[in-house]
Novice: 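First the structure, which I've put down as structure tokens, then a few questions once you've had a look.
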Amino acid sequence: MKLSPLNQRRFALFKAHKRGWWSLWLFLALFALSLGAELIANDKPIVVRYDGQWYFPVFKRYPETAFGGEFPLQANYKSPYIQELIASKDGWMVWPPIPFDYASINYDLQVPAPAPPSWDNWLGTDDQGRDVLARVIYGFRISVLFALTLTLVSSVIGVTAGALQGFYGGWVDLVGQRLLEVWSGLPVLYLLIILASFVQPNFWWLLGIMLLFSWMSLVDVVRAEFLRGRNLEYVRAARALGMQNGAIMFRHILPNAMVSTMTFMPFILTGAIGTLTALDFLGFGLPPGAPSLGELVAQGKANLQAPWLGISAFVVLAVMLTLLVFIGEAARDAFDPRK
């Protein structure tokens with residue numbers, strides 16, 4: 001699809017912002033790797049060759065009996081018994097680079113957990129003996145997916161609410177602004193703490209609760225653009241020609257309002273990641289045992305004798321948020337009307 005001359009100019013400005021351009025590619029590479037976390041960090045082999053047949057334990061669960069075992073339980077591929085059964089039929093296994101997933105416990109530690117970095121656990125283990133690097137990879141994926149989903153859905157709601165208020169004005173704008181003032185004054189953290197005592201938090205529960213409040217960040221920006229744009233000459237001409245209000249809003253005014261919206265979205269993304277990390281740190285986020293960067297920060301605080309925990313969490317969060325801020329700066333420059 002060919003870009004319009006204006007979008008080509010914006011793309012050229014974004015690409016000219018070297019820091020933002022390379023940050024985008026680095027972030028996309030890290031995100032793509034995290035999407036394939038099961039192929040990078042897993043306590044099951046990627047592929048098993050046994051008795052002339054192929055097995056893919058990463059994608060499907062196989063019982064011991066599939067490899068000549070005695071019990072119809074899920075096979076433990078790290079067990080010497082299962083390994084001998086597979087080798088007895090001239091079989092072999094291909095393991096991921098990190099033979100642990102986010103919940104795997106290393107029972108062969110030579111020192112009490114949390115264990116320092118070693119050849120088995122490249123970033124050490126946490127206080128439960130779980131591999132830190134595996135939890136970082138899975139935690140990175142959950143944080144980004146949570147923030148992306150929250151940003152996209154809240155942007156749709158916020159843009160729609162701001163467009164309606166700005167375009168129609170009058171009582172619609174007045175009532176909307178009063179409701180916005182009341183709703184934004186509610187203490188989000190206290191509500192989460194209260195609700196967490198009734199419901200076990202999970203990914204979708206947190207997303208729904210955060211969505212109730214995150215959409216308000218874009219309303220004022222879009223509302224201002226629609227208040228300005230509804231009185232422009234081309235909008236009046238479209239209305240005089242009999243065009244419906246919905247078509248005027250989303251075909252003529254919204255593209256101009258999206259310029260300011262696009263510059264805010266990377267910063268909403270960083271805010272969502274920071275909020276999820278803070279909730280996990282306080283114990284009101286994802287369920288216990290879930291791969292969480294905030295939980296890793298809490299473990300670093302509770303285990304000062306294990307600095308690799310705090311350092312790992314700090315480096316991952318710092319790199320992720322820095323890349324997103326640089327991408328946001330490049331997007332802001334690319335959509336700046338003055339340029």
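The first residue in the sequence is number 1, and the count goes up from there.
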Novice: Take Arg236 and Arg230, measure what side chain to side chain contact (heavy atoms under 4.5 Å, CB included) needs, and give me the verdict at the end.
Specialist: CA-CA 7 Å; Arg236 291 183 175 182; Arg230 67 175 184 170; over 6 Å; no
Novice: For the side chain of Lys44 and the backbone of Pro99, is there at least one donor-acceptor N/O pair under 3.5 Å apart?
Specialist: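 Flag not set: sc Lys44 to bb Pro99 has no pair under 3.5 Å.
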Novice: Return the CD1 to CG distance between Ile98 and Asp120, rounded to the nearest 0.5 Å.
Specialist: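 These two atoms lie 12.0 Å from each other.
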Novice: So, Gln53 versus Tyr55: side-chain donor-acceptor pair below 3.5 Å or not?
Specialist: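 Tyr55 and Gln53 do have a side-chain donor-acceptor pair below 3.5 Å.
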Novice: Check Leu39 against Pro96 and note the closest heavy-atom contact, atom names and distance.
Specialist: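 Minimum heavy-atom contact is O-CB, 3.6 Å.
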Novice: Hey, mind stepping through Asp126 and Arg135 against side chain to side chain contact (heavy atoms under 4.5 Å, CB included) and telling me if it holds?
Specialist: CA-CA 9 Å; Asp126 63 5; Arg135 292 186 66 80; 3.7 Å; yes
Novice: What's the separation between atom OG1 in Thr149 and atom CG in Leu152, rounded to the nearest 0.5 Å?
Specialist: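 Answer for the OG1-CG pair, Thr149 versus Leu152, is 7.0 Å.
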Novice: Among residues at least two apart in sequence or on other chains, which ones pass side-chain hydrogen bond (donor to acceptor under 3.5 Å, both in side chains) with Arg332?
Specialist: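 Residues passing side-chain hydrogen bond (donor to acceptor under 3.5 Å, both in side chains) with Arg332: none at all.
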Novice: Tell me the salt bridge (charged side-chain N to carboxylate O under 4.0 Å, His left out) pairs involving residues 88-101, sequence neighbours left out?
Specialist: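 Pairs touching residues 88-101 that pass the test: none.
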Novice: With a 4.5 Å cut-off on side-chain heavy atoms, are Pro114 and Leu309 touching?
Specialist: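 Counting from C-beta outward, Leu309 and Pro114 do come under 4.5 Å.
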Novice: Does Thr160 reach the side chain of Trp215, with side-chain heavy atoms less than 4.5 Å apart?
Specialist: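 Side-chain contact under 4.5 Å: no.
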Novice: Roughly how far, to the nearest 0.5 Å, is CD1 of Ile86 from CZ of Arg49?
Specialist: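 These two atoms lie 12.5 Å from each other.
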Novice: I'd like to check the side chain to side chain contact (heavy atoms under 4.5 Å, CB included) partners of Ile142; sequence neighbours left out, ordered by chain and number.
Specialist: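 Side chain to side chain contact (heavy atoms under 4.5 Å, CB included) check on Ile142 returns Phe203, Leu286, Pro291.
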Novice: Hey, are the side chains of Leu279 and Leu206 touching, using non-hydrogen atoms and a 4.5 Å cut-off?
Specialist: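 Yes; the side chains approach each other to less than 4.5 Å.
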Novice: Who passes side-chain hydrogen bond (donor to acceptor under 3.5 Å, both in side chains) against Gln128, sequence neighbours left out?
Specialist: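 None.
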Novice: Using the benzene-type ring in the case of Trp, are the ring centres of Phe67 and Tyr77 under 6.0 Å apart?
Specialist: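 Yes: the rings meet the under 6.0 Å criterion.
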Novice: What I want to find out is whether Arg141 reaches Glu38 closely enough, with some N-O distance under 4.0 Å, to be called a salt bridge.
Specialist: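 Yes, charged N to carboxylate O under 4.0 Å.
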Novice: Specify the closest pair of heavy atoms between Pro57 and Val48, including all atoms of both residues, with the distance to one decimal.
Specialist: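 Distance-wise, the nearest heavy atoms are CG-CG2, 3.7 Å.
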Novice: Can you list every ring pair (Phe, Tyr, Trp, His ring centres under 6.0 Å) pair that touches residues 90-109, not counting sequence neighbours?
Specialist: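 For residues 90-109: Trp54-Trp92, Tyr102-Tyr138.
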Novice: Quick one: are Met320 and Leu30 in side-chain contact, heavy atoms under 4.5 Å?
Specialist: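 The answer is no; the side chains never approach within 4.5 Å.
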Novice: Which pair of heavy atoms, one from Val219 and one from Ala161, lies closest together, and at what distance?
Specialist: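 Heavy atoms only, the tightest pair is CG2-CB, 4.2 Å.
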Novice: Which pairs with one or both residues in residues 265-294 pass side chain to side chain donor-acceptor pair (under 3.5 Å), sequence neighbours excluded?
Specialist: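 Listed once each, the pairs are Asp280-Ser292.
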Novice: With sequence neighbours left out, which residue pairs that include part of residues 62-75 fulfil the side chain to side chain donor-acceptor pair (under 3.5 Å) condition?
Specialist: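 Passing the test, one end in residues 62-75: Arg61-Gln74.
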Novice: Could you pull out all donor-acceptor pairs under 3.5 Å where a side-chain atom in residues 12-23 meets a protein atom, sequence neighbours excluded?
Specialist:
residue, atom, partner, partner atom, Å
His17, ND1, Gly20, N, 3.1
Arg19, NH2, Glu329, OE1, 2.9
Ser23, OG, Arg19, O, 2.6

Novice: Taking only residues two or more places apart in sequence, or in another chain, which ones meet Thr151 in a side-chain hydrogen bond (donor to acceptor under 3.5 Å, both in side chains)?
Specialist: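 For Thr151, no residue satisfies side-chain hydrogen bond (donor to acceptor under 3.5 Å, both in side chains) once neighbours in sequence are set aside.
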Novice: Is the shortest side-chain heavy-atom distance between Phe27 and Ile327 below 4.5 Å?
Specialist: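 When only atoms from C-beta onward are counted, Ile327 and Phe27 do touch, with a gap below 4.5 Å.
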Novice: To the nearest 0.5 Å, tell me how far Leu123 CG sits from Ile137 CD1.
Specialist: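 So the gap between those two atoms works out to 8.5 Å.
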Novice: Taking all non-hydrogen atoms of both residues, which atom of Gly129 and which atom of Ala113 are closest, and how far apart?
Specialist: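 Between these two residues, the closest heavy atoms are N-CB, 3.8 Å.
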Novice: So do the side chains of Asp131 and Asn106 get within less than 4.5 Å of each other, counting heavy atoms only?
Specialist: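 The answer is no; the side chains never approach within 4.5 Å.
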Novice: Is Leu109 close to Asn121 at the side-chain level, that is, under 4.5 Å between some pair of heavy atoms?
Specialist: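 When only atoms from C-beta onward are counted, Leu109 and Asn121 do touch, with a gap below 4.5 Å.
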Novice: To the nearest 0.5 angstrom, please state how far the CZ atom of Arg223 sits from the CG atom of Asp173.
Specialist: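 The CZ atom of Arg223 sits 4.0 Å away from the CG atom of Asp173.
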Novice: Which pairs count as ring pair (Phe, Tyr, Trp, His ring centres under 6.0 Å) when at least one residue sits in residues 296-328, sequence neighbours excluded?
Specialist: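 Not a single pair qualifies under ring pair (Phe, Tyr, Trp, His ring centres under 6.0 Å).
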Novice: Hey, does Thr125 have a side-chain heavy atom less than 4.5 Å from the side chain of Arg130?
Specialist: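 A side-chain contact is absent here, since even the closest heavy-atom pair is not under 4.5 Å.
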Novice: Mind listing the side-chain donor-acceptor pairs of residues 175-188 below 3.5 Å, one per line with the distance, residues two or more places apart or on another chain?
Specialist:
residue, atom, partner, partner atom, Å
Gln177, OE1, Gln165, NE2, 2.7
Arg178, NE, Glu181, OE1, 3.2
Arg178, NH2, Glu181, OE2, 2.6
Trp183, NE1, Leu212, O, 2.6
Ser184, OG, Leu180, O, 2.9
Ser184, OG, Glu181, O, 3.1

Novice: Applying ring pair (Phe, Tyr, Trp, His ring centres under 6.0 Å) as the test, list every pair that has at least one member in residues 154-182; sequence neighbours left out.
Specialist: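 Not a single pair qualifies under ring pair (Phe, Tyr, Trp, His ring centres under 6.0 Å).
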Novice: Say you draw a straight line from CG of Leu33 to CG of Leu28; how long is it, rounded to the nearest 0.5 Å?
Specialist: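 Interatomic distance, Leu33 CG to Leu28 CG, rounded to 0.5 Å: 11.0 Å.
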